Number of protein chains: 2
Amino acid sequence: MLTPLPGEGDLGLVDALAQLTFAVQGALGRIAAEHDVSVPAARLLGIVRDRQPTIGELATFLQLDKSSVTGLVDRAAERGLVTRVASPVDRRSVRVAITAEGRELIDSGAADLEAEIALLVADLTPAQRTRLSVLASRIVAADARRRGFDIHATRATGGLSGGEARA
Amino acid sequence: MLTPLPGEGDLGLVDALAQLTFAVQGALGRIAAEHDVSVPAARLLGIVRDRQPTIGELATFLQLDKSSVTGLVDRAAERGLVTRVASPVDRRSVRVAITAEGRELIDSGAADLEAEIALLVADLTPAQRTRLSVLASRIVAADARRRGFDIHATRATGGLSGGEARA
DNA sequence: TATTGTTATACTCTATAACTATA
DNA sequence: TATAGTTATAGAGTATAACAATA
């Protein structure tokens, strides 16, 4: 048993985390839809907001195949949200950069997400919110470490960044 | 500010929750893939594991369009994981029931998920895990209430059930 | 030879609109 | 008329396999 003596109204750790996940993903999906982008596209913007990763790095960050990232970047580029920048050192490689329009979108979306999360945790006391934040951070940091990512490179990206990595 | 005085290593509530979400969804995705199903299909199985909802009810639970649910059920039925049962009271309506094969798959997947979550929270003390479970449960319950769902109808579905509803 | 990225292809998921059949 | 569900269609996301360009 993962949860020793689950109390009244406690779903148990597994169900509680899974359902929390669906609730947060739902919020992300609604916000992304309001801005006419998909969740993966929003996540891409969250990452390139602070970096200019290569396609391969993005594939690692997002745990997707390179070809999937090609398509993701294609569609975001068609919409003017990102651009491909030729690498000066390796002519096989490209770096993905955010545009002004893309930055505007992700900044606005991040603010919306903060508001949605505030709603979601409205029932918790400030102390409980801090506790949750600390516990979630610890889990994410451990997971990132396990996967070889450097979570401390993370900035406040509105949470749309997903896993962060060191180049 | 949602997070009063974020401490060392604290990502802040928004980023911590969002990234936790991606980590859990990643685990869900890996497990589903191991069983050769998609995450939405696994979620469908998690719901029909304990109920025989109509297409419309599923659409409400999953926050999807009816036509999306039709496709989801079509593909799951082709694979022998669920079946459509004619409603005796309303001949327009169908109920979706899980098959023995579907049940086997979801039971096995739920066990895998429990193991993955255990890994994810390996760094936490038992007391911290309980605390996290309680906080997450409270958030999910409040969200469900807000959306008009009855979370207390929930059973241990391996967390694959998503939002629960009263018929 | 190995790596970076793209292309071709196929499947799943999703929504909108139009439809059928019941109620 | 209204409701339950399906079909037709289109677009996004994803992976695999094969490929071109460069290292």
Side-chain angles (χ1 to χ4, degrees), chain A residues 22 25-26 28-30 32-45 47-48 52-79 81-97 162 167, chain B residues 22 25-26 28-45 47-48 52-79 81-97 160 162 167:
Chain A
F22 286 126
Q25 286 284 320
L28 274 171
R30 285 191 298 278
E34 278 167 25
H35 291 272
D36 272 303
V37 290
S38 65
V39 171
R43 208 176 162 200
L44 169 66
L45 290 181
I47 293 174
V48 299
Q52 295 196 355
T54 65
I55 299 288
E57 284 167 353
L58 281 170
T60 303
F61 300 174
L62 296 169
Q63 310 204 52
L64 294 176
D65 189 84
K66 295 175 300 177
S67 64
S68 303
V69 175
T70 292
L72 208 51
V73 171
D74 279 350
R75 290 182 294 271
E78 273 166 28
R79 296 209 23 198
L81 304 173
V82 302
T83 51
R84 283 181 169 86
V85 180
S87 165
V89 292
D90 186 339
R91 286 195 309 187
R92 293 171 303 180
S93 191
V94 269
R95 298 210 158 259
V96 180
Chain B
F22 287 126
Q25 286 283 321
L28 274 170
R30 285 191 298 277
I31 293 166
E34 278 167 25
H35 290 273
D36 272 303
V37 290
S38 66
V39 171
R43 209 176 161 200
L44 169 65
L45 290 181
I47 293 175
V48 300
Q52 296 196 356
T54 64
I55 299 287
E57 285 167 353
L58 281 170
T60 302
F61 299 174
L62 296 169
Q63 309 203 53
L64 294 176
D65 188 85
K66 295 176 301 177
S67 64
S68 303
V69 175
T70 293
L72 208 51
V73 171
D74 279 350
R75 291 183 293 270
E78 273 166 28
R79 295 211 23 199
L81 304 174
V82 302
T83 51
R84 283 180 169 88
V85 179
S87 164
V89 293
D90 186 338
R91 286 195 308 188
R92 294 171 304 180
S93 191
V94 272
R95 298 209 160 260
V96 179
L160 294 171

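Below, chains carry the letters A, B, ... as their sequence lines are ordered, and counting in each starts from 1. Quick caveat, the model's predicted, so the values are computed rather than measured.
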Measuring to OP1 and OP2 of D:dA15, would you say a side-chain N or O of A:Ser68 lies under 4.0 angstrom away? yes

Tell me if the side-chain of A:Thr54 makes a donor-acceptor pair with the base of C:dT4, cut-off 3.5 Å, by modelled atom types. no

Could you give the CG-to-C1' distance, from A:Asp36 to C:dT14, as a whole number of Å? 15 Å

Side-chain contact check for A:Asp65: nearest option of D:dT16, D:dG5, C:dA15 is D:dT16

Identify which nucleotide among C:dT14, C:dT4, D:dA4 has an atom closest to any side-chain atom of A:Arg92, counting heavy atoms from C-beta outward. C:dT4

Protein-nucleotide distance (A:Leu72, atom CG; D:dG11, atom C1'), rounded to Å: 14 Å

Does D:dG5 have OP1 or OP2 under 4.0 Å away from a side-chain N or O of B:Arg91? no

Side-chain N,O (B:Thr70) to OP1/OP2 (D:dT6) below 4.0 Å: yes

Provide, to the nearest angstrom, the distance between the CD1 atom belonging to B:Ile55 and the C1' atom belonging to D:dT6. 9 Å

Kindly say if A:Ser93 contacts the phosphate of C:dG5, meaning a side-chain N or O under 4.0 Å from OP1 or OP2. yes

Of B:Lys66 and B:Arg79, whose nearest nucleotide on DNA chain C comes first from the 5' end? B:Arg79

OP1 or OP2 of D:dG5 less than 4.0 angstrom from a side-chain nitrogen or oxygen of B:Arg84, does that happen here? no

